[in-house]
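In what follows, a single structure is set out as C-alpha cells and then discussed.
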Amino acid sequence: MNIYSEPVELCVERSVLDELKLEELALRQTSSQGPSLRERLRASMRCSVRRMKKCIQALFPVLSWLPFYSVRQNALGDLISGVSVGILHLPQGMAYALLATVPPVFGLYTSFYPVLVYFIFGTSRHISVGSFAVVSIMTGGITEKLAPDDHFLTSGVNGTVVVDTDARDQYRIFVVAAVTFLCGLFQIVLGLVRFGFVVTYLSEPLVRAYTTAAAMHVVISQLKYVFGLNPKRFRGPLAQIYILVDLCALLPELHIPTLVVSVVSLAVLVGVKEVNFVYRKKLPVPIPIELLVIISGTLVSHYFHLNATHAVEVVGEIPTGLVPPCVPSVSFFSEIVGEVFAIAVVGYAINISLGKTFALKHGYTVDSNQELVALGLSNAIGGFFQCYPVTSSLSRSLVQESTGGKTQVAGLASSVIVLITVLKLGALFGDLPKAVLSAIVFANLKGMFKQYGDIPALWKSNKVDLMVWVVTFLCTLLLNLDLGLAASIAFSLLTVIFRTQLPKYSVLGWVPGTELYVETDSYEKAKEIPGITIFRSSFMLYYANAKLYKEALQEKSGINVSKLIMLKKKRATKDKREEKLQNSVASVSGNGTAGRNGAAQFSVDQTELDNAYSTGNESLKSRTHFIILDFSTVSFIDTVTLKTLKNIFQDFAEVDVSVYIAGCQVHVVQQLERGGFFSVSLPKSCLFPSIHDAVLHCLRLPMRNLPHYQCALVSFTLSTIT
C-alpha cells in the first residue's frame with residue numbers, strides 16, 4: 001500500500017510566537033558551540049600516528065586504495081580498459097601535438113608522464129588524463145605567438161626563403177615546457193589554498209559554449225593540413241576570420257593528393273566510430289579504428305611514396321626512447337601568465353566536471369581540491385619532460401569506463417602501452433601523413449559539435465543561459481581563447497548581477513483553511529488579508545537591490561511614503577495657520593468664513609491623502625495598516641541593507657503603518673543584532689518565525705480607519721485562520 005496515496009492532515013495548536021518568545025521556547029544559544037580558534041590551532045598542531053597516516057593518504061591518494069586492490073575483481077577489467085585507452089592515446093597524442101605546434105613524439109610523452117603522476121595523486125577512478133583538443137589549441141596559440149614562422153626564416157636553394165623547422169620546433173618545445181610547468185604551478189597553488197570552488201563560476205552553458213568555440217579554433221587550425229595549403233598566420237581578435245579568408249583565397253592552389261588522404265581517412269574514422277556507437281553493447285571493446293587508420297596511412301604512404309612522389313606532408317623522423325628531464329625556462333613567464341592561467345582554469349573545469357560525473361554514476365567521491373593538485377602536479381612534472389598541458393578526455397574516459405575499468409590501474413596500463421611505443425615503435429610512424437592526424441582530430445570533435453544542440457534546448461528552458469551560451473561562443477570564436485574566456489566570465493557574472501537587479505516582487509495571499517501564504521498573481525485561491533500586505537522578493541536582499549526593494553514595497557503596498565509625509569507636514573502647517581487665523585478673528589462672520597475655508601481646505605487635503613494611499617482605484621477604506629516582509633530568501637545582511645531596513649521601519653511608522661519581518665534565519669537575526677538594528681522603537685518582537693505568526697499578531701491589533709464591514713471581515717478572517 002502506498003502511504004502517500006491518502007491525504008495526510010496536519011494539526012498544530014500553539015500560541016503566536018515572535019522572536020523573543022521563540023528564543024525562550026527553543027533556547028537559542030547565545031554563543032557558538034564549536035571549538036574556539038585557539039582550540040582549533042592546538043588541534044591542528046597535535047601529531048599522532050593516525051593523523052600522520054591520514055595526512056599521507058590525503059597527499060598520496062593511491063595509498064588509500066592500492067593496498068586494498070582486489071586482483072580478482074578488478075585486474076582483468078582494468079587491463080582490458082588500459083590497453084584500449086593506451087591504443088587511443090597513441091593517435092590522439094600525436095594528432096593533438098599538431099595543435100600544440102610541437103613534433104608528434106611530444107604527444108606521446110604527454111600521454112605517458114602525466115598519466116603516471118595522476119595515478120599517484122588523482123582521486124577519480126574513471127577519467128583518462130592526457131592530451132585534449134581544447135587545451136592543446138590554447139597551448140598552440142601561445143607557441144605560435146612567441147615562436148612564429150617569421151622568426152625562423154633562412155635562405156634556401158636558388159635564393160629562396162624557407163623556414164628553419166628544426167630551430168623553430170626546438171624553440172617551441174622550450175615554450176611549451178614553460179607553459180606546462182607554469183600551468184601546473186597555478187593549479188597546485190590554487191589547490192593548496194583550497195580554491196577548487198573557482199570552477200563553480202564557470203557555469204555549464206559557459207563551459208560547453210567555450211569548448212564548442214574552441215573546437216572551431218581546432219577545425220580552422222587543421223584545415224591547412226587537410227587542403228595541403230600554407231596560409232598566413234594571424235594573431236589577435238578576428239584572427240580565425242582572417243585565416244578563413246586567406247584559405248579561401250588559396251583554394252585554387254588546393255593539393256588534391258592531400259585532400260584525398262584527408263577525406264578517405266575521415267570517412268573511415270566517422271563510419272567505424274558510428275559502428276562502435278551503434279553496437280557498443282555487443283562489442284567487447286570498441287574497434288581501435290584510429291590506430292588502424294594510423295597504421296594503414298603509414299603503410300600506404302611508405303609503399304606508395306606519397307611524400308616523394310605526390311608531395312604529401314608527413315610526420316617525419318620520430319626519435320625513439322625517452323628524453324632526459326630539463327628545467328623549464330622561466331624567462332617566458334611574464335609574457336604568458338594570462339594565457340596560461342586561462343589554460344589552468346579551463347583544464348581543471350573539464351577535469352573536475354568529468355570526474356564528478358563518473359563519481360556520481362558509480363557512487364564514490366572526488367576531492368575537488370586534490371584533483372586540482374593532482375592535475376597541477378601532472379602538468380608541473382610534465383613540464384620537465386617537454387609535455388604540453390593535459391586534462392581529462394571525454395572520449396578516452398568513456399572508453400575506459402565502458403571497457404570495464406574500475407580503478408586508476410587502467411591508466412597505469414595505458415601508460416605502459418605508450419611507453420612501449422615510445423621505446424620501440426615510434427620510429428615506424430615517420431611516413432605517416434599529417435592529413436591523417438588532422439582527420440583524427442576532426443573525428444574526435446564530433447561530441448563537441450553536438451553541443452550546438454544546446455541552443456534550441458536553452459531557447460525553451462532558459463533565455464538567460466542561452467544568452468550566456470551565444471555570447472561565450474561568439475567571444476571565444478572572434479577573440480583569442482584567453483580573451484574570450486575572460487569576456488565570457490565577465491558577461492556571465494553580469495547576467496547574475498542583472499538578475500539580482502530584476503527580481504520578482506510579489507504580494508502573498510492566504511490560502512483558506514491552511515497556514516500557507518503564496519503569490520496572489522499565481523494562485524487564484526490566494527486572497528489578500530484586508531489591511532495587511534505580505535511582501536516577498538524572489539532574490540536575496542543586498543546593497544545592489546536594496547533601493548529597488550524599498551521602491552517595490554511602496555508600489556505593492558499602495559503607499560507613497562514620501563508623498564504622505566509631505567502631505568502630513570503640509571496639513572499640520574495649515575492646521576496651525578487656521579488655528580492662528582481663528583484666534584485672531586473675533587467676529588462671528590469672520591469665524592464662519594474661516595471655518596468654511598478650513599473645511600474646504602481639509603477636503604482638498606483629504607483627496608490628496610487618498611491618492612497618496614492608493615495606486616489605482618483603491619481608497620483609504622482599504623488602506624494597508626500592516627506590512628509583513630518575508631525574509632525567507634535573505635541569507636545575509638550588509639550595511640546598506642541594514643540602513644534600508646531602518647528607513648523602511650521609520651518611514652512607514654510616520655504614516656501609521658507597522659512593519660514586521662517573518663521567516664528570518666538565525667544568523668540573519670544575529671547580524672541584525674550586531675548591526676544595532678534593534679532599539680526601544682524597534683524591538684525584537686517585530687520579528688516572527690513564520691508569516692502565519694505575524695499575520696495572527698496583526699489581526700489581533702486594532703486597525704485604524706477601517707469601516708464597519710471590513711472590521712467584520714477581519715473578525716471573520718481571524719476566527720477562521722485561528
Side-chain angles (χ1 to χ4, degrees), residues 18-19 499-511 514-523 525-565 612-616 618 622-638 640-665 668-669 672 677 682 685-699 701 703 714 717 721:
D18 57 27
E19 182 63 28
R499 279 187 265 193
T500 66
Q501 293 291 301
L502 295 175
K504 181 182 179 182
Y505 297 108
S506 306
V507 172
L508 305 186
W510 173 56
V511 180
T514 72
E515 81 292 351
L516 302 178
Y517 297 85
V518 295
E519 293 86 350
T520 55
D521 55 357
S522 299
Y523 295 88
K525 292 292 185 180
K527 305 298 181 183
E528 292 187 53
I529 301 175
I532 302 176
T533 296
I534 307 171
F535 182 74
R536 173 191 289 170
S537 171
S538 62
F539 198 83
M540 60 178 294
L541 175 62
Y542 73 118
Y543 70 92
N545 59 15
K547 183 179 179 182
L548 297 175
Y549 183 90
K550 184 178 179 181
E551 294 173 353
L553 174 60
Q554 295 188 22
E555 179 185 350
K556 292 292 185 180
S557 64
I559 301 175
N560 190 330
V561 175
S562 58
K563 188 173 182 180
L564 273 172
I565 294 175
Y613 269 113
S614 174
T615 57
E618 302 175 1
S622 60
R623 59 167 286 198
T624 295
H625 293 269
F626 303 104
I627 291 177
I628 300 173
L629 306 178
D630 180 7
F631 261 38
S632 58
T633 59
V634 177
S635 58
F636 68 88
I637 296 290
D638 55 34
V640 175
T641 303
L642 192 67
K643 292 178 181 178
T644 302
L645 281 178
K646 287 183 178 180
N647 291 336
I648 288 174
F649 274 79
Q650 293 170 0
D651 291 347
F652 279 99
E654 289 193 40
V655 294
D656 300 325
V657 176
S658 300
V659 182
Y660 300 99
I661 295 176
C664 206
Q665 302 177 49
V668 176
V669 177
L672 290 173
F677 178 77
L682 275 178
S685 58
C686 68
L687 270 64
F688 292 88
S690 70
I691 297 176
H692 199 53
D693 287 283
V695 169
L696 293 177
H697 172 78
C698 294
L699 291 177
L701 298 177
M703 297 194 187
V714 170
T717 305
I721 205 169

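This structure is a prediction, so every number in the text was calculated from the model and none was measured.
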With a 4.5 Å cut-off on side-chain heavy atoms, are Y660 and D693 touching?
no
Would a distance-only check, ignoring hydrogens and angles, find a side-chain to backbone donor-acceptor pair under 3.5 Å from N545 to M540?
yes
Can you confirm whether Y549 sits close enough to L629 that some side-chain heavy atom of one is under 4.5 Å from a side-chain heavy atom of the other?
yes
Taken to the nearest 0.5 Å, the spacing of F539 CZ from L548 CG works out to 12.5 Å
Hey, are D638 and T641 close enough side-chain-wise for a donor-acceptor pair under 3.5 Å?
yes
If we only count heavy atoms from C-beta on, is the D656 to H625 side-chain gap below 4.5 Å?
no
Is it true that a side-chain atom of S522 and a backbone atom of E519 form a donor plus acceptor pair closer than 3.5 Å?
no
Hey, does the side chain of S685 reach the backbone of D18 with a donor-acceptor pair shorter than 3.5 angstrom?
no
Tightest non-hydrogen contact, residues E528 and L508, listed as CG-O, 4.5 Å
Using side-chain heavy atoms (C-beta onward) and a distance below 4.5 Å, is L672 in contact with E19?
no
How many angstroms lie between NZ in K556 and OH in Y505, if you round to the nearest 0.5 Å?
10.5 Å
If you measure from CD1 on I691 to CG on D630, what distance do you get to the nearest 0.5 Å?
4.0 Å
Residue pair T644, V640: steps toward the side-chain contact (heavy atoms from CB on, under 4.5 Å) verdict:
CA-CA 6 Å; T644 302; V640 175; 4.2 Å; yes
Starting from the C-alpha separation in whole Å, work towards a yes-or-no answer on side-chain contact (heavy atoms from CB on, under 4.5 Å) for V561 and I565.
CA-CA 6 Å; V561 175; I565 294 175; 3.7 Å; yes
Minimum heavy-atom separation for I628 to C698, with atom names?
CD1-SG, 4.2 Å
Quick check on Y523: does its OH atom have over 12 non-hydrogen neighbours (other residues, nucleotides or ligands) under 6.0 Å away?
no
Mind checking whether V659 and L645 have side chains closer than 4.5 Å, heavy atoms only?
no
Heavy-atom check, side chain of F652 versus side chain of T624, under 4.5 Å
no
Answer yes or no: is there a donor N or O on one side and an acceptor on the other, between the side chain of T633 and the main chain of S537, under 3.5 Å?
yes
Any luck finding a side-chain donor-acceptor pair between T500 and Y542 under 3.5 Å?
yes
Closest heavy-atom pair, Y517 versus R536, reported as atoms and distance to 0.1 Å, is O-NH2, 4.0 Å
Is any side-chain heavy atom of L541 less than 4.5 Å from a side-chain heavy atom of F631?
yes
State, yes or no, whether a side-chain contact exists between F677 and I637 at a heavy-atom distance under 4.5 Å.
no
